Amino acid sequence: MRLKVDAVRCAGHGRCYAMFPDLFDEDDYGHSVAYLDELADADLDDARVAVGNCPEAAIGIEP
Ligand code: SF4
């Protein structure tokens, strides 16, 4: 599984990297960057919460 952030949709609210700093970081413009190309099983629940809490629907989990 891969964690992805759509850079076009992301509006830089910061919710994801504030909630899950181990999964996301912010770039110089406050937009989110996903850390992990390979999600560990232990991170999957947190990743799903991040997906559900992004107001721009910018976060996805891909196979
Ligand atoms: S919560 Fe969504 S819109 Fe906000 S920084 Fe994260 S990916 Fe971007």
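All ligand and atom numbering here is 1-based and tracks the order in the structure. All figures in this text were calculated on a predicted structure; none of them were measured in a lab.
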Taking everything shown except M19 itself, do over 12 heavy atoms lie less than 6.0 Å from its CE?
yes
Are the side chain of [X] and the backbone N or O of [Y] linked by a donor-acceptor pair below 3.5 Å?
X	Y	answer
Y17	G30	yes
R15	P55	no
D43	L39	no

Atoms in ligand 1 with a heavy atom of [X] nearer than 4.0 Å:
X	value
S32	5 (S), 6 (Fe), 7 (S)
G14	4 (Fe), 5 (S)
I59	7 (S)

Quick look: E56 vs ligand 1, heavy-atom contacts under 4.0 Å, and the answer is side chain
Are I61 and V49 linked, directly or through intermediate hydrophobic residues, by side-chain heavy-atom contacts shorter than 4.5 Å (ILVMFWY only)?
yes
State yes or no: do Y35 and L3 share one hydrophobic cluster built from I, L, V, M, F, W and Y residues joined by side-chain heavy-atom distances below 4.5 Å, directly or via other members?
yes
Confirm or rule out an N/O/S atom of C10, from backbone or side chain, lying less than 2.8 Å from atom 8 (Fe) of ligand 1.
yes
Write out the residue and atom name of the closest protein heavy atom to atom 1 (S) of ligand 1, then the distance separating them to 0.1 Å.
C16 N, 3.6 Å
Of the backbone and side-chain N, O or S atoms of C54, does one lie nearer to atom 2 (Fe) of ligand 1 than 2.8 Å?
yes
